[in-house]
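Because the structure is predicted, anything quoted here is derived from the model rather than measured.
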Amino acid sequence: MAQPGPPPRRPSRQPDSGHRARPARFDSPERDRLRERDREVWRRDAFAPDGDNDLPSWAGPSIYPPRQARRGPSDDRAAGRGDGINLEVAERTGVGSNGDGYRDAGYGDTGYREPGTAGPAEPVQPGSRRLGRAAATRLRKSRRRVYRISAVAIVVVILAAGGVLLFGLPKSTPLPYVTSLQKGEYKSVPNVCQAVGASVLNQFLPGPGRSQVQEQSGSADNECSFTIDRKPALLVLDVTAQEYQPFAAATGDGSATANAQDNFSQARQALARPPAKSPLEPAVIAAVPRLGQEAFSAFQPEHAAKITTDIVTVVVRERNVLITVSLSGQESGHGFGPVAESTLQAGARAAAANLLTKVRTQPTV
């Protein structure tokens with residue numbers, strides 16, 4: 001079996017006269033010249049103004065002024081002006097001279113305007129250094145620092161003024177009202193059950209069968225009642241002594257005495273004008289001289305369940321203490337009475353005098 005031989009060689013072929021010949025290689029000077037021409041084309045500014053000489057015959061001259069061509073870093077390098085820095089710009093902004101200047105492309109030649117503000121920017125004088133972003137940031141920080149310092153100063157002034165108002169008042173400045181007992185005012189009242197003397201009780205509530213009840217036993221409010229329930233007499237003696245404290249809503253300076261005066265007047269009005277549908281008639285009131293600092297007596301009948309009762313009330317004020325004594329006697333009904341009004345008046349005033357004497361022995365401020 002025969003072994004295959006190597007493939008046949010392609011016969012060398014000369015180009016026919018009808019085929020185009022391959023262009024010959026350029027020599028080195030021609031190649032360099034073409035490359036230099038290409039570089040010159042690319043170095044040209046695409047935005048350079050075109051002359052009107054190249055315009056067609058039907059186009060007139062341009063109505064817009066020609067624009068000055070920009071210079072790029074390559075032009076500066078070509079002119080030997082440094083590392084692509086325009087020397088004219090460097091002279092105006094300081095860039096490239098001492099290294100501390102800064103020109104931001106975001107700010108035009110019209111000047112600097114604070115971000116967020118409207119209106120024209122502040123013009124930059126020729127020869128002056130423009131503000132850049134770093135300078136604007138420093139300016140904003142300085143303004144914020146001033147605002148913070150001003151706010152802190154205002155707060156400190158307000159707090160200082162409030163402290164003076166709250167804590168800086170002199171301790172000797174008097175308040176517009178009294179808050180404690182004044183000199184001569186009573187600190188307490190006596191036990192009124194023991195204040196009424198036996199002679200008064202035997203004269204106006206005689207006989208066996210008299211009872212005694214302690215209604216209130218406090219040092220500021222003390223009350224006691226005595227009763228005779230034996231036909232034909234039904235008599236009830238009620239005595240009360242009350243000590244008053246300072247009260248800001250009281251008349252005048254709100255002292256304890258002023259508080260007692262207000263309650264003295266209220267008691268008189270309540271007796272003169274009883275509530276509607278009350279079994280008590282309006283009282284007949286008369287002043288009682290030489291009994292305490294001020295005193296009055298009130299007489300009024302009471303009608304309830306076909307029983308008529310006469311009541312005499314005597315109210316005495318001694319400084320900040322009120323003494324109230326009422327003596328009632330059944331006038332008619334169920335086999336009781338009558339009781340003379342004069343007897344009731346005398347018995348109430350005698351008991352009030354006994355109680356006043358006892359009150360004056362109490363401790364004062």
Side-chain angles (χ1 to χ4, degrees), residues 181 185-201 203-205 210-229 234-247 250 256-275 278-280 283-288 290-300 302 309-329 343-364:
L181 293 174
E185 293 179 338
Y186 294 98
K187 297 180 180 179
S188 62
V189 294
N191 188 327
V192 294
C193 289
Q194 302 172 4
V196 180
S199 59
V200 173
L201 293 175
Q203 180 179 356
F204 297 100
L205 284 82
R210 185 175 62 219
S211 62
Q212 173 182 315
V213 177
Q214 182 85 47
E215 304 289 348
Q216 295 287 340
S217 60
S219 61
D221 187 5
N222 204 283
E223 182 179 1
C224 188
S225 63
F226 305 89
T227 303
I228 288 291
D229 187 3
L234 178 57
L235 301 170
V236 178
L237 176 65
D238 190 83
V239 292
T240 302
Q242 184 172 357
E243 175 253 345
Y244 288 89
Q245 291 289 322
F247 184 48
T257 298
N259 194 10
Q261 289 174 338
D262 291 345
N263 282 272
F264 180 86
S265 300
Q266 292 172 7
R268 182 168 182 163
Q269 293 177 2
L271 292 170
R273 298 181 180 87
S278 173
L280 294 168
V284 177
I285 298 176
V288 178
R290 298 181 300 276
L291 190 62
Q293 292 181 306
E294 57 182 337
F296 69 86
S297 66
F299 172 79
Q300 59 185 156
E302 179 185 35
T309 303
D310 294 335
I311 304 172
V312 173
T313 303
V314 176
V315 180
V316 181
R317 183 186 68 83
E318 180 70 10
R319 296 187 183 272
N320 61 317
V321 174
L322 283 189
I323 298 171
T324 305
V325 177
S326 65
L327 180 57
S328 62
T343 302
L344 298 176
Q345 288 280 2
R349 293 186 184 188
N354 283 175
L355 189 54
L356 177 60
T357 301
K358 193 67 174 180
V359 166
R360 285 174 174 171
T361 63
Q362 298 300 301
T364 61

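Residues passing the side-chain hydrogen bond (donor to acceptor under 3.5 Å, both in side chains) test with T257, sequence neighbours excluded: E185.
The shortest side-chain heavy-atom distance between P190 and V359 falls under the 4.5 Å cut-off. The closest side-chain heavy-atom distance from F296 to L271 is below 4.5 Å. Residues K358 and Q194 have side chains not in contact (no heavy-atom distance under 4.5 Å, counting atoms from C-beta outward).
E223 contributes no side-chain N or O that, together with a main-chain N or O of S217, makes up a donor-acceptor pair within less than 3.5 Å.
Minimum heavy-atom separation, N354 to A195: CB-O, 3.5 Å. Closest of all the heavy-atom pairs between A351 and V239 is CB-CG1, 4.4 Å. Taking all atoms of both residues into account, the shortest heavy-atom contact from A298 to I285 is CB-CG1, 4.0 Å. The shortest non-hydrogen separation linking L327 to A348 is CD2-N, 4.0 Å. Nearest heavy-atom pair across A241 and V192 is CB-CG1, 3.7 Å. Closest heavy-atom contact between A295 and V316: CB-CG2, 3.8 Å.
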- request: Please lay out, stage by stage, how L235 and F226 fare under the test side chain to side chain contact (heavy atoms under 4.5 Å, CB included).
  value: CA-CA 8 Å; L235 301 170; F226 305 89; over 6 Å; no
- request: Any chance you could lay out the side chain to side chain contact (heavy atoms under 4.5 Å, CB included) test for E243 and L181, step after step, and finish with the verdict?
  value: CA-CA 11 Å; E243 175 253 345; L181 293 174; 4.2 Å; yes
task: Evaluate the side chain to side chain contact (heavy atoms under 4.5 Å, CB included) criterion for residues D221 and T240: first the C-alpha distance (whole Å), next the side-chain angles of each, then the deciding distance (0.1 Å), finally the verdict.
output: CA-CA 7 Å; D221 187 5; T240 302; 3.9 Å; yes
query: Going through the distances and angles, do K187 and Q362 end up as a side chain to side chain contact (heavy atoms under 4.5 Å, CB included)?
result: CA-CA 7 Å; K187 297 180 180 179; Q362 298 300 301; over 6 Å; no
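The one candidate from R268, Q261, R317 that meets the side chain to side chain donor-acceptor pair (under 3.5 Å) condition with E294 is R317.
Rounding to the nearest 0.5 Å places CG of D238 at 9.0 Å from OG1 of T324. Here CG of L237 is found 8.5 Å from OG of S225. Values are rounded to the nearest 0.5 Å. Taken to the nearest 0.5 Å, the CG atom of L205 stands 8.0 Å off from the OG1 atom of T227. How far CD1 of I311 is from CD of E302: 4.5 Å, rounded to the nearest 0.5 Å. Rounding to the nearest 0.5 angstrom, the gap separating the CZ atom in R349 from the CG atom in L291 is 8.5 Å. Atoms CD and CD1, on Q242 and I323 in that order, are 12.0 Å from each other to the nearest 0.5 Å.
Judged purely by distance below 3.5 Å, without hydrogens or angles, the side chains of N320 and Q245 never pair a donor atom with an acceptor atom.
The neighbour count for F299 CZ, taken as heavy atoms of other residues, nucleotides or ligands under 6.0 Å away, is above 12.
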